[in-house]
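Computed from a predicted structure; not experimentally measured.
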Amino acid sequence: MAENFRTKMPDLQRAKQFIPFQSLKGFEDALKQKEIEIFIKKEPTEEKENYINNQLNTIKKGEKITVTYFCSGEYVSCSGILRKVDYCLKTITVDQTTIKIDDLWDLN
């Protein structure tokens with residue numbers, strides 16, 4: 001009878017067979033995107049609206065301000081120089097960022 005002699009596979013090679021692999025490329029990144037918490041825009045109280053309107057009336061072009069506003073499902077804060085307040089379009093421009101006045105949450 002013919003004998004079948006096989007050499008034993010080294011442990012290192014054997015372990016490589018069981019290393020996890022990504023069968024779906026980009027799937028893990030897509031899951032991380034879904035994990036990002038999305039907030040619902042808060043409706044400001046009348047006091048909050050009055051406070052923001054008073055702040056808008058007192059600040060001047062060229063002043064350094066800090067703004068918190070709602071953007072793409074989250075609240076974002078940014079600091080910079082006030083470039084423009086446009087009451088017709090209801091926007092303010094801080095550095096290069098244009099923000100809707102309705103999206104403002106805090107203004108310092």
Side-chain angles (χ1 to χ4, degrees):
M1 280 197 145
E3 291 188 26
N4 192 1
F5 290 103
R6 290 188 186 172
T7 58
K8 186 177 177 185
M9 183 184 287
D11 288 340
L12 185 60
Q13 287 290 354
R14 201 170 163 78
K16 283 183 181 178
Q17 291 181 0
F18 301 104
I19 292 176
F21 67 97
Q22 289 184 335
S23 59
L24 300 173
K25 292 190 185 235
F27 182 68
E28 216 168 290
D29 293 334
L31 284 178
K32 285 180 184 176
Q33 284 287 336
K34 289 287 186 179
E35 289 176 3
I36 295 173
E37 191 171 347
I38 296 176
F39 295 98
I40 296 172
K41 183 178 174 185
K42 302 174 193 173
E43 291 299 321
T45 62
E46 190 173 331
E47 293 86 21
K48 186 78 152 172
E49 286 179 354
N50 289 336
Y51 171 76
I52 291 173
N53 286 331
N54 288 337
Q55 290 294 92
L56 284 171
N57 290 330
T58 58
I59 59 175
K60 293 181 177 67
K61 185 177 172 182
E63 287 184 8
K64 183 171 175 124
I65 62 171
T66 301
V67 180
T68 303
Y69 62 98
F70 187 78
C71 178
S72 301
E74 63 182 339
Y75 284 91
V76 180
S77 291
C78 74
S79 295
I81 305 297
L82 178 66
R83 302 289 179 202
K84 183 179 178 183
V85 177
D86 189 339
Y87 291 104
C88 293
L89 295 176
K90 295 185 179 181
T91 61
I92 66 169
T93 304
V94 179
D95 289 336
Q96 303 297 321
T97 307
T98 301
I99 304 163
K100 293 180 185 177
I101 291 176
D102 292 339
D103 291 338
L104 288 177
W105 185 252
D106 195 19
L107 179 64
N108 296 319

I40 atom CD1, neighbour heavy-atom count above 12 within 6.0 Å: no
Within 6.0 angstrom of F27 CZ, more than 12 heavy atoms from elsewhere: no
Can you list the residues that meet the side chain to side chain contact (heavy atoms under 4.5 Å, CB included) rule with [X], with sequence neighbours excluded?
{"X": "L107", "result": "Q55, L56, I59, I65, V67"}
{"X": "T7", "result": "none"}
{"X": "S77", "result": "T68"}

CD-NZ distance between E43 and K48, expressed to the nearest 0.5 angstrom: 13.0 Å
Distance (rounded to the nearest 0.5 Å) between N57 CG and Y87 OH: 4.5 Å
Joint cluster assignment, I92 & Y51, ILVMFWY side-chain distance < 4.5 Å: yes
Within one Ile-Leu-Val-Met-Phe-Trp-Tyr cluster: I52 and V94, side-chain cutoff 4.5 Å: yes
Contact list for residues 53-74, test ring pair (Phe, Tyr, Trp, His ring centres under 6.0 Å), sequence neighbours left out: F70-Y75
Pair listing, salt bridge (Lys or Arg N to Asp or Glu O under 4.0 Å) test, anchored in residues 63-78, at least two apart: none
Pairs touching residues 89-108 that satisfy salt bridge (Lys or Arg N to Asp or Glu O under 4.0 Å), sequence neighbours left out: K41-D103, R83-D95
With T91 via side chain to side chain donor-acceptor pair (under 3.5 Å) - residues at least two apart: none
